[in-house]
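When a residue number appears, it is its place in the shown sequence, counting from 1. Excluded from the calculations below are hydrogen atoms, water molecules and symmetry mates; all remaining heavy atoms, backbone and side chain alike, are included.
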Amino acid sequence: MNQTQTSHGAREVTSPDAAVLSRLVKRFRNAKGEEFTAVSGLDLRVRRGEVVAFLGPNGAGKSTTIDMLLGLTQPDEGSVRLFGQAPQGAVRAGRVAAVLQSGGLLPDLTVEATVKMLGSLHSGGDPELCIRRAGITELRHRKVSECSGGEQQRLRFALALLSSPEFLVLDEPTAGMDVAARREFWAAVREDAEQGMTVMFATHYMEEADQFADRVVMVDQGTVVADGSVSSIRAAMSGRTVSALISPQEAQAVASLPIGVRSCTVRGGRHFFDCTDSDALLRVLIDQTSASEIEVAPRSLEEAFMAITHRRRADQEVL
């Protein structure tokens, strides 16, 4: 167990984990009244000081898991503990803060008024510092309703910093931001992480996980399908990606050969082959097809994720 210094100088014994999610299950009903499971027996442990990327396709259960993590919804089964206590208590104490995708802003207030109003709820909070840290100084006199989606996300980031949280949860935090704003946002988050803040972020931008995460957790169909460092995830799906300009007919013929081609997708006019034996595939493309501009590259995090989820779903279909 760790000991941390409280604001009153007393020593408080806390869990060495920022978050522990155990066997989480959450079910919903659709418009027809049919029950479906959004999160299915999910287990996750986030250690203090980690920067964890939480990845998954739409409908994988990411946002539902985050809602349960923050105490915004209750699991049907399983438990959540933040710093050894219930989520609501950790959030009320200001130890956990979040940047969510929507809601929580009053459209008629200015950016500055919003930060100062909520800052008054946090003893010791520094609204001016949070405005600067979130990169919204130039927006301070603008009404919230006049801010773009990306600017509103940066405002939510400023609000999340008001309590000086130990654990920051980000749900698609850079949605709507341009490239420069995304870079500035992650520079600020990384600076906080280097000071010991725990960060968990859900994102669709694979390069963000690649660049900023210490650890990657991939979820699909409501459960964890891969968990480790970026390099270990790639290593788990060892191999290279082979792409080429090739006709659809030839690509289909190559994919049907017994050379370990798992899948073939088309992006930007190029065919991308996911295979177990890239050398054999190269020989076929060069000797037996009219393929041109053949390229071989290390597998990206996005390709690893697609391969992992594709393989898992194929295995389930077999069962």
Set of residues satisfying ring pair (Phe, Tyr, Trp, His ring centres under 6.0 Å) with respect to Phe273, sequence neighbours excluded: none

Could you check Ser232 against Ser229 for side-chain hydrogen bond (donor to acceptor under 3.5 Å, both in side chains), going step by step and ending with a plain yes or no? CA-CA 5 Å; Ser232 70; Ser229 66; 3.2 Å; yes

Strictly distance-based, threshold 3.5 Å: is any side-chain N or O of Thr198 a donor or acceptor partner for the main-chain N or O of Gly49? yes

Residues that Ala93 engages under side-chain contact (heavy atoms from CB on, under 4.5 Å), provided they are two or more places apart: Arg95

Closer than 3.5 angstrom, by distance alone: can the side chain of Ser145 be matched with the main-chain N or O of Pro107 as a donor-acceptor pair? yes

Considering only residues two or more places apart or on different chains, which pairs with a residue in residues 170-180 satisfy side-chain hydrogen bond (donor to acceptor under 3.5 Å, both in side chains)? Ser63-Asp171, Gln101-Asp171, Glu172-His204, Thr174-Glu208

Here the pair of heavy atoms bringing Leu82 nearest to Ala90 is CB-CB, 3.8 Å

Can you hop from Met68 to Val25 via hydrophobic side chains spaced under 4.5 Å? no

With a 3.5 Å distance limit and no angle check, can you tell me whether Ser243 reaches the backbone of Phe272 through a side-chain donor-acceptor pair? no

Mind checking the OG-CD1 spacing from Ser292 to Ile246? Nearest 0.5 Å is all I need. 9.0 Å

Salt bridge between Arg48 and Asp17, side-chain N to carboxylate O under 4.0 Å? no

Connected-component partners of Val199 among ILVMFWY, side-chain separation under 4.5 Å: Val51, Val99, Phe157, Leu161, Leu168, Leu170, Met177, Phe185, Trp186, Val189, Met197, Phe201, Phe212

Is it the case that the side chain of Arg270 and the backbone of Glu293 share a donor-acceptor pair, with hydrogens and angles ignored and the cut-off at 3.5 Å? yes

Mind jotting down which residue pairs meet the ring pair (Phe, Tyr, Trp, His ring centres under 6.0 Å) criterion with at least one end in residues 111-154? Sequence neighbours excluded, please. none

Apart from Val266 itself, residues in the same hydrophobic cluster as defined by side-chain heavy atoms under 4.5 Å: none

Kindly check if the number of other-residue, nucleotide or ligand heavy atoms within 6.0 Å of CD (Glu35) is above 12? yes

Applying side-chain contact (heavy atoms from CB on, under 4.5 Å), name anything that partners Val144, two or more places apart in sequence or on another chain. Leu105, Thr114, Gln152, Leu155

Rest of the hydrophobic cluster containing Val179 (Ile/Leu/Val/Met/Phe/Trp/Tyr, side-chain heavy atoms under 4.5 Å)? none

Side chain to side chain contact (heavy atoms under 4.5 Å, CB included) between Glu146 and Thr110, intermediate numbers included: CA-CA 9 Å; Glu146 297 170 349; Thr110 65; over 6 Å; no

One should read off an interatomic distance between Arg142 CZ and Cys147 SG, to the nearest 0.5 angstrom, of 5.5 Å

Polar side-chain atom of Arg215 near backbone of Glu50 as donor-acceptor pair, under 3.5 Å: no

Quick one: pull up CZ in Arg154 and CZ in Arg182 and give me the separation to the nearest 0.5 Å. 13.0 Å

Thr137: which residues meet the side-chain contact (heavy atoms from CB on, under 4.5 Å) condition with it, sequence neighbours left out? Ile131, Arg132, Arg140

In this structure, which one of Leu285, Ile286, Val284 forms a side chain to side chain contact (heavy atoms under 4.5 Å, CB included) with Gln288? Val284

Taking atom NZ of Lys62 and atom CG of Asp67, what is their separation to the nearest 0.5 Å? 12.0 Å

What closest approach, in Å, do Asp220 and Pro57 show between heavy atoms, and which atom pair accounts for it? OD1-CG, 3.6 Å

Which atom of Val261 lies closest to which atom of Val254, heavy atoms considered: CG2-O, 4.2 Å

Please evaluate residues Val224 and Val217 with respect to the criterion side chain to side chain contact (heavy atoms under 4.5 Å, CB included), reporting the C-alpha separation (whole Å), side-chain torsions for both, the decisive distance (0.1 Å), and the verdict. CA-CA 7 Å; Val224 174; Val217 175; 4.0 Å; yes

So, do Leu159 and Val115 sit near enough that their side-chain heavy atoms are less than 4.5 Å apart? yes

Mind checking who shares a hydrophobic cluster with Leu245, ILVMFWY linked at side-chain heavy-atom distances under 4.5 Å? none

Given side chain to side chain contact (heavy atoms under 4.5 Å, CB included), test Leu109 with Met117 step by step and report yes or no. CA-CA 10 Å; Leu109 288 182; Met117 179 184 71; 3.9 Å; yes

Is there a side chain to side chain contact (heavy atoms under 4.5 Å, CB included) between Leu69 and Leu21? Walk through the geometry before answering. CA-CA 8 Å; Leu69 173 68; Leu21 288 66; 3.7 Å; yes

Write out all pairs satisfying side-chain hydrogen bond (donor to acceptor under 3.5 Å, both in side chains) with one or both partners inside residues 247-258, taking only residues at least two apart or from two chains. Glu250-Ser290

Using the rule that two of Ile, Leu, Val, Met, Phe, Trp, Tyr join whenever any of their side-chain heavy atoms come within less than 4.5 Å, decide whether Leu162 and Val91 are in one cluster. no

Atom OG of Ser148 and atom CG of Leu139: how far apart are they, to the nearest 0.5 Å? 8.0 Å

Looking at every heavy atom in both Ala158 and Ala134, which two are closest together, and how far apart are they? CB-CB, 3.6 Å

Once rounded to the nearest 0.5 Å, what's the spacing between atom NE2 of His271 and atom OG1 of Thr289? 11.0 Å

Give the cluster check for Ile136 versus Leu100: same hydrophobic cluster or not, with ILVMFWY residues linked at side-chain heavy-atom distances below 4.5 Å. no

Any carboxylate oxygen within less than 4.0 angstrom of a Lys/Arg side-chain nitrogen, looking at Glu151 and Arg156? no

Shortest non-hydrogen contact from Ala213 toward Ala53: CB-CB, 3.6 Å

Show the atom names and distances, to 0.1 Å, of all donor-acceptor pairs under 3.5 Å that link a side chain in residues 27-34 to residues at least two apart or in another chain.
unit_1: Arg27; atom_1: NH2; unit_2: Glu77; atom_2: OE2; d: 2.6
unit_1: Arg29; atom_1: NH1; unit_2: Gly33; atom_2: O; d: 2.8
unit_1: Asn30; atom_1: OD1; unit_2: Lys32; atom_2: N; d: 2.9
unit_1: Asn30; atom_1: OD1; unit_2: Gly33; atom_2: N; d: 3.1
unit_1: Asn30; atom_1: OD1; unit_2: Glu34; atom_2: N; d: 2.8
unit_1: Asn30; atom_1: ND2; unit_2: Glu34; atom_2: OE1; d: 2.9

Would a distance-only check, ignoring hydrogens and angles, find a side-chain to backbone donor-acceptor pair under 3.5 Å from Lys26 to Gln74? yes

